[in-house]
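Quantities reported herein were computed from a predicted structural model and do not represent experimental measurements. We number each residue from 1, following the sequence as shown.
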Amino acid sequence: MRFAILLLVLLQSACSYSPRDSDEWWYDRMKRDHRSQCNQLPAQIKAQCLERQSGTYEDFLKQQESQQQPPTTPASESKNQ
């Protein structure tokens with residue numbers, strides 16, 4: 001019985017991680033490294049540092065997409081031109 005539970009836990013954890021060497025895997029590794037560095041800072045700065053490291057890979061992708069999209073001109077401005 002214990003073996004079955006252990007096997008299920010291991011399978012679940014294996015499925016929840018991104019494939020090694022994928023972009024998401026590298027992003028997660030970078031975040032872990034940054035959190036490790038944050039933990040070495042004084043308490044006052046540590047909380048702010050860890051807060052900046054709280055985003056997910058999906059949040060990062062959305063932020064990248066929004067920065068790459070050219071700004072759109074509102075319809076009212078294009079009529080005036």
Side-chain angles (χ1 to χ4, degrees):
M1 181 67 175
R2 284 184 175 179
F3 178 74
I5 293 172
L6 179 62
L7 182 62
L8 288 173
V9 169
L10 289 174
L11 286 174
Q12 180 186 12
S13 64
C15 293
S16 65
Y17 290 107
S18 53
R20 186 172 174 90
D21 290 337
S22 69
D23 289 341
E24 185 174 3
W25 184 85
W26 283 107
Y27 179 82
D28 290 339
R29 181 175 173 181
M30 179 192 66
K31 296 288 270 191
R32 282 192 308 272
D33 291 346
H34 284 169
R35 282 192 298 269
S36 172
Q37 293 172 3
C38 290
N39 286 324
Q40 297 174 6
L41 296 171
Q44 301 90 348
I45 303 170
K46 177 181 173 181
Q48 293 173 349
C49 183
L50 289 172
E51 186 177 313
R52 287 192 305 261
Q53 302 303 321
S54 64
T56 64
Y57 182 67
E58 288 78 18
D59 295 336
F60 170 74
L61 289 177
K62 288 176 186 175
Q63 182 182 15
Q64 292 296 319
E65 286 177 11
S66 68
Q67 290 177 357
Q68 290 178 355
Q69 292 178 353
T72 57
T73 306
S76 60
E77 288 183 22
S78 62
K79 288 180 183 178
N80 295 336
Q81 293 178 354

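- Lys62 contributes atom NZ, which lies 9.0 Å from atom CD of Glu65 (distance to the nearest 0.5 angstrom).
- The CG atom of Leu50 sits 10.0 Å away from atom NZ of Lys31, with the distance rounded to the nearest 0.5 Å.
- Shown here is Glu58, whose CD atom has more than 12 heavy atoms of other residues, nucleotides or ligands within 6.0 Å.
- Annotation: the span from Cys49 atom SG to Gln44 atom CD amounts to 13.0 Å, rounded to 0.5 Å.
- When only modelled atom types and interatomic distance are considered, Ser36 and Asn39 share no side-chain donor-acceptor pair under 3.5 Å.
- Looking at every heavy atom in both residues, Cys38 comes nearest to Lys46 through O-CG, 3.4 Å.
- Looking only at side-chain heavy atoms (C-beta outward), Trp26 and Met30 stay at 4.5 Å or farther from each other.
- Proximity of a side-chain donor or acceptor of Asp28 to a complementary backbone N or O of Trp25 within less than 3.5 Å is not detected.
- Here ring pair (Phe, Tyr, Trp, His ring centres under 6.0 Å) pairs that include residues 29-51, with residues two or more places apart or in two chains, number zero.
- For the ring-ring contact (aromatic ring centres under 6.0 Å, His included) test, residues two or more places apart in sequence or in another chain that qualify with Tyr57 are Tyr27.
- Ile45 belongs to a hydrophobic cluster with Leu41, counting contacts under 4.5 Å between side-chain heavy atoms of Ile, Leu, Val, Met, Phe, Trp and Tyr, direct or through other members.
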